[in-house]
Peer 1: 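Take a look at the following structure, please.
For clarity, every value in this text was computed on a predicted model and none was experimentally measured.
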Amino acid sequence: MDERAFYRESQTVKPASLNCTFCRSSETYELRWLVRRKIDRLPRNADERDRAKFTKAASYMVLLDDKIACKRCRRTYEISGIKTTSFLTD
């Protein structure tokens, strides 16, 4: 069974304060995240291996944006200083 069968996926936007590596200006940007929330019940066609995977599964978020354009100088730079994966507490 595919791991994605254990989660409901959605996208969300969260603000983050970032510093441009070129002009050194600090701005707030809206970053896109993929949210994967663990479902309540195991799917019907699961076997013993799938049950073990399901018990270890946890809800988490993954950062989708890896580069952003500066609002001041408009140059594109890589996002650093932000964790790319964040576990959620339910």
Peer 1: Around atom CD of E78, are there more than 12 heavy atoms of other residues, nucleotides or ligands at under 6.0 Å?
Peer 2: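 No.
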Peer 1: Is the shortest side-chain heavy-atom distance between E3 and K53 below 4.5 Å?
Peer 2: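 They are not in contact (no side-chain heavy atoms under 4.5 Å apart), so the answer is no.
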Peer 1: Determine whether more than 12 heavy atoms belonging to other residues, nucleotides or ligands lie under 6.0 Å from atom NZ of K71.
Peer 2: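 For K71, atom NZ is crowded (more than 12 foreign heavy atoms under 6.0 Å).
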Peer 1: Which distance, rounded to the nearest 0.5 Å, do you find between the OG1 of T85 and the CG of L34?
Peer 2: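 Nearest 0.5 Å value for the OG1-CG distance: 10.5 Å.
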Peer 1: Below 4.5 Å, heavy atoms only, C-beta onward: do I68 and Y77 meet side chain to side chain?
Peer 2: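 In contact.
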Peer 1: Do C73 and S25 come close enough that some side-chain heavy atom pair is under 4.5 Å?
Peer 2: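 Answer no - side chains too far apart.
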Peer 1: Crowded around R51 CZ? As in, over 12 foreign heavy atoms under 6.0 Å?
Peer 2: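 Atom CZ in R51 is packed in, count exceeds 12.
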Peer 1: Does any non-hydrogen side-chain atom of K14 lie less than 4.5 Å from one of L31?
Peer 2: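 Result no, sub-4.5 Å side-chain heavy-atom pair not found.
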Peer 1: Looking at V35, is its backbone amide N or carbonyl O close enough to the side chain of Y7 to form a donor-acceptor pair, meaning the two atoms are under 3.5 Å apart?
Peer 2: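 No.
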Peer 1: What about F6 and V62, same hydrophobic cluster or not, with Ile/Leu/Val/Met/Phe/Trp/Tyr joined at side-chain heavy-atom distances under 4.5 Å?
Peer 2: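 Cluster IDs for F6 and V62 match.
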Peer 1: With the side chain counted from C-beta on, respond yes when D50 and N45 share a heavy-atom pair under 4.5 Å apart, and no when they do not.
Peer 2: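 No, side chains not in contact.
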Peer 1: Please round to the nearest 0.5 Å and tell me the distance separating atom CG of L88 and atom CH2 of W33.
Peer 2: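 Answer for the CG-CH2 pair, L88 versus W33, is 9.5 Å.
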Peer 1: Would a distance-only check, ignoring hydrogens and angles, find a side-chain to backbone donor-acceptor pair under 3.5 Å from S59 to K38?
Peer 2: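 The answer is yes, because a donor-acceptor pair under 3.5 Å joins these two groups.
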